[in-house]
Colleague: 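Please find one structure pasted underneath; my questions will follow.
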Amino acid sequence: MQQLFIKNDKQREWLKRLATLKEDIKGRAAYNDEENVFPSKNINALREIGYTKLTLPEEFGGAGFSLYDAILLQETLGSYDGSTALSVGWSLLTVGELFENRYWNPEKLGFLAERVNNGAILNRAVSEVATGSPIRGGRPGTTAKQVNGKWRINGRKSYTTASPELDYFITSAWIEEKETMGFFLIPREAKGLSIDETWDVISMRGTGSHDLVLENVEVNASDLVEIPSYSTGFKLNGWLLIVPATYLGIAQAARDYALHFATTHSPNSIKGTIAQLPNVQNLLGEIELELAVARFSLYGAAESYQEAKRNGIEQDNENKEGGEHIVNAVNTAKYVVTNSAINIVDKAMRLAGARSLQRTNPLQRYYRDVRAGLHNPPMDDMTITKLAEAAIKHSEGANKNEKEKVN
């Protein structure tokens, strides 16, 4: 099915390049999960083939991949190992968003491009225990104050994915003197920066999503790189589709396991394999249907986002014509893909039976990993609410127009 969404030779070439790492990455997945180890070897291997600069524009020395292109590769990488894909995915989407929108001044973007070309990976550090999900608008407890011409930053960030390997942390902090939030570019080697290894969960165990601790960290005045116009600590944007692409890849891996098992398992109670049984075929058919719906939703949303950008429609301005539709398309795709991935893995486990619960069986890892998608932004309840509000708004507008025509 994924073949339907491959559109050009550049994508095919990169899929072949990524496939050279398949066996090594898959071979480390179980160990990294079991031991709660960050997949540094995988990240370094991806650096070596240039994967970490996929979404850096060509004018800055990168591969210049679009959102659609990146999703295609991320889905594939997710089928190898979810933790590796999610870890590098946050860097890819951050770079893609920054350079597409040119949030920073040209000098700072040029500096970042040079680092990314040399293999640097980065992520936004925004989550805090006290504020909950940053997209809900809580003010960060992390603070930044000007001292002797520099910024002094103190605070703690949670869920900092890929923290063991990140080269830069784009960190949100409250600037009291400006009465606003800003983002600061903090290098890993900054004095006072440390990682508290708090990540001990059952899902996406290899992502190293530990706490970032900042104790009197000082950065230059120019490292205040962004004062966002949005009110929340996190901006929903089309590049976030890279995250559900990872979960779709995990679902594909579960499907592949289930199909292989169905076509090779032959208990002595039947002739042939269990693939000939109606109940097994029903599960396989439902899995294929879920995958198709998820893919058309994901790649369709990516194409709509790119088309909107070409036409000057900004996703972050929902009041402009078309902006609201793009927001809802992106949010809906995330909702559909994440929940479909959960359903697909569940059906694969039903097909495989009790063996799927064995710790040596990859299905139990897929089952745990896909559930992490529910907690990546946007949350399901926000998506549902926005869809309802949009429907009500359009209905009320239509009713008003009808009344005006009558009068």
Side-chain angles (χ1 to χ4, degrees), residues 2 4-15 17-18 46 50-79 85-103 109 112-113 116 121-124 135 161 170 234-249 294-318 322-338 341 373 376-378 383:
Q2 190 195 39
L4 291 174
F5 300 93
I6 302 173
K7 295 188 171 185
N8 55 57
D9 290 338
K10 185 178 181 180
Q11 294 169 352
R12 293 185 186 92
E13 174 58 34
W14 265 99
L15 285 169
R17 193 179 303 185
L18 186 59
L46 291 168
Y51 193 89
T52 53
K53 58 179 182 178
L54 278 182
T55 55
L56 185 68
E58 290 181 338
E59 66 182 282
F60 289 94
F65 264 37
S66 68
L67 171 62
Y68 186 102
D69 299 329
I71 283 173
L72 192 65
L73 290 183
Q74 275 296 111
E75 182 195 338
T76 301
L77 183 57
S79 72
L86 191 62
S87 296
V88 75
W90 279 106
S91 184
L92 292 181
L93 74 88
T94 302
V95 170
E97 178 200 9
L98 286 175
F99 283 87
E100 180 179 81
N101 296 288
R102 307 296 166 99
Y103 290 142
L109 279 177
L112 186 64
V116 173
I121 62 171
L122 53 140
N123 196 0
R124 289 188 185 269
I135 64 173
T161 298
I170 305 174
F234 197 89
K235 178 183 177 181
L236 294 174
N237 67 88
W239 286 93
L240 284 169
L241 290 174
I242 284 177
V243 173
T246 297
Y247 297 107
L248 182 57
R295 282 207 176 92
F296 279 108
S297 179
L298 180 66
Y299 290 97
E303 288 186 318
S304 294
Y305 173 80
Q306 292 177 179
E307 181 66 23
K309 295 292 287 188
R310 285 192 290 268
N311 293 331
I313 299 173
E314 296 297 326
Q315 181 191 356
D316 59 337
N317 192 338
E318 298 180 39
E324 179 184 61
H325 298 300
I326 298 304
V327 170
N328 286 335
V330 170
N331 292 357
T332 298
K334 188 269 178 177
Y335 178 98
V336 170
V337 172
T338 302
N376 292 133
T383 296

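A quick note: this is a predicted structure, and the numbers were derived from the prediction, not measured.
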Colleague: Given side-chain contact (heavy atoms from CB on, under 4.5 Å), test L248 with Q2 step by step and report yes or no.
Modeller: CA-CA 11 Å; L248 182 57; Q2 190 195 39; over 6 Å; no
Colleague: Once side chain to side chain contact (heavy atoms under 4.5 Å, CB included) is applied, do any residues pair with A329, and if so which ones, sequence neighbours excluded?
Modeller: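 Partners of A329 under the side chain to side chain contact (heavy atoms under 4.5 Å, CB included) test: none.
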Colleague: Nearest heavy-atom pair of T246 and A85: which atoms, and what distance?
Modeller: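 Result for this residue pair: CG2-CB, 3.7 Å.
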Colleague: So, for P244 and T338, which heavy atoms are closest and what is the spacing to 0.1 Å?
Modeller: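 The answer is CB-OG1, 4.4 Å.
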Colleague: What residues, two or more places apart in sequence or in another chain, satisfy salt bridge (charged side-chain N to carboxylate O under 4.0 Å, His left out) together with R12?
Modeller: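 With neighbours one apart ignored, the set is D9.
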Colleague: For Y299, enumerate each residue passing the ring-ring contact (aromatic ring centres under 6.0 Å, His included) test, keeping only those at least two apart in sequence or located in another chain.
Modeller: F5, Y68
Colleague: What closest approach, in Å, do T383 and P378 show between heavy atoms, and which atom pair accounts for it?
Modeller: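 Heavy atoms of T383 and P378 come nearest at OG1-CG, 3.8 Å.
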Colleague: Just verifying a value: how many Å separate L56 CG and L112 CG, rounded to the nearest 0.5 Å?
Modeller: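 One finds 8.0 Å between CG of L56 and CG of L112.
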Colleague: As a quick check of understanding, evaluate side-chain contact (heavy atoms from CB on, under 4.5 Å) for L86 and V243, giving each step before the final call.
Modeller: CA-CA 7 Å; L86 191 62; V243 173; 3.9 Å; yes
Colleague: Look up atom CH2 in W90 and atom CD1 in I242, then write down how far apart they are to the nearest 0.5 Å.
Modeller: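 Here the rounded value is 10.0 Å.
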Colleague: Among all residues two or more places apart in sequence or in another chain, which pass the salt bridge (charged side-chain N to carboxylate O under 4.0 Å, His left out) test with E59?
Modeller: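 Listed in chain order: R102.
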Colleague: Regarding E13 and K10, does a basic nitrogen lie under 4.0 Å from an acidic carboxylate oxygen?
Modeller: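 Here E13 does not pair with K10 in a salt bridge, since their nearest N and O are not under 4.0 Å apart.
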Colleague: Determine yes or no for a side-chain-to-main-chain donor-acceptor pair under 3.5 angstrom, with S91 supplying the side chain and L122 the backbone.
Modeller: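 Confirmed, S91 side chain pairs with L122 backbone.
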Colleague: Measure the spacing between CG of L15 and CD1 of I6 and express it to the nearest 0.5 Å.
Modeller: 5.0 Å
Colleague: Check side chain to side chain donor-acceptor pair (under 3.5 Å) between T161 and all other residues, then give those that pass, not counting sequence neighbours.
Modeller: S209
Colleague: State which residues pass side chain to side chain donor-acceptor pair (under 3.5 Å) with S87; sequence neighbours excluded, sorted by chain then number.
Modeller: none
Colleague: Please evaluate residues E100 and L67 with respect to the criterion side-chain contact (heavy atoms from CB on, under 4.5 Å), reporting the C-alpha separation (whole Å), side-chain torsions for both, the decisive distance (0.1 Å), and the verdict.
Modeller: CA-CA 10 Å; E100 180 179 81; L67 171 62; 5.9 Å; no
Colleague: Answer whether the closest heavy-atom distance between the side chains of F60 and K53 falls below 4.5 Å.
Modeller: no
Colleague: Do N101 and K309 come close enough that some side-chain heavy atom pair is under 4.5 Å?
Modeller: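 Yes, side chains in contact.
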Colleague: Using the test side chain to side chain contact (heavy atoms under 4.5 Å, CB included), find all partners of T55 that sit at least two apart in sequence or belong to another chain.
Modeller: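 With sequence neighbours excluded, T55 shows a side chain to side chain contact (heavy atoms under 4.5 Å, CB included) to A70, L92, V95, W239, given in chain and number order.
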Colleague: To the closest 0.5 Å, what do you measure between CH2 (W14) and CG (L72)?
Modeller: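 Answer rounded to 0.5 Å: 13.0 Å.
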Colleague: Taking only residues two or more places apart in sequence or in another chain, which ones pass side chain to side chain donor-acceptor pair (under 3.5 Å) with N376?
Modeller: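 N376: side chain to side chain donor-acceptor pair (under 3.5 Å) contacts with Y247.
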Colleague: If you round to the nearest 0.5 Å, how far is CG of L298 from CD of E75?
Modeller: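 Between E75 CD and L298 CG, I get 7.5 Å after rounding to 0.5 Å.
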Colleague: By side chain to side chain contact (heavy atoms under 4.5 Å, CB included), which residues pair with A301, not counting sequence neighbours?
Modeller: L241, A333
Colleague: Would you check if the side chain of K334 reaches a backbone N or O of G373 as a donor-acceptor pair within less than 3.5 Å?
Modeller: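 Side chain of K334 to backbone of G373: a pair is present.
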Colleague: List the residues meeting side chain to side chain donor-acceptor pair (under 3.5 Å) with S66, not counting sequence neighbours, and say none if there are none.
Modeller: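 D69, Q306.
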Colleague: Side-chain contact, heavy-atom cut-off 4.5 Å: L77 with L46?
Modeller: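 A side-chain contact under 4.5 Å exists here.
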Colleague: Looking at every heavy atom in both V337 and A294, which two are closest together, and how far apart are they?
Modeller: CG2-O, 3.5 Å
Colleague: Rounded at 0.5 Å granularity, tell me how far CG in L73 sits from CD in Q11.
Modeller: 7.5 Å
Colleague: Does the side chain of E324 come under 3.5 Å of the side chain of N328 through a donor N or O and an acceptor N or O?
Modeller: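 Checked: E324/N328 side chains show no N/O donor-acceptor pair below 3.5 Å.
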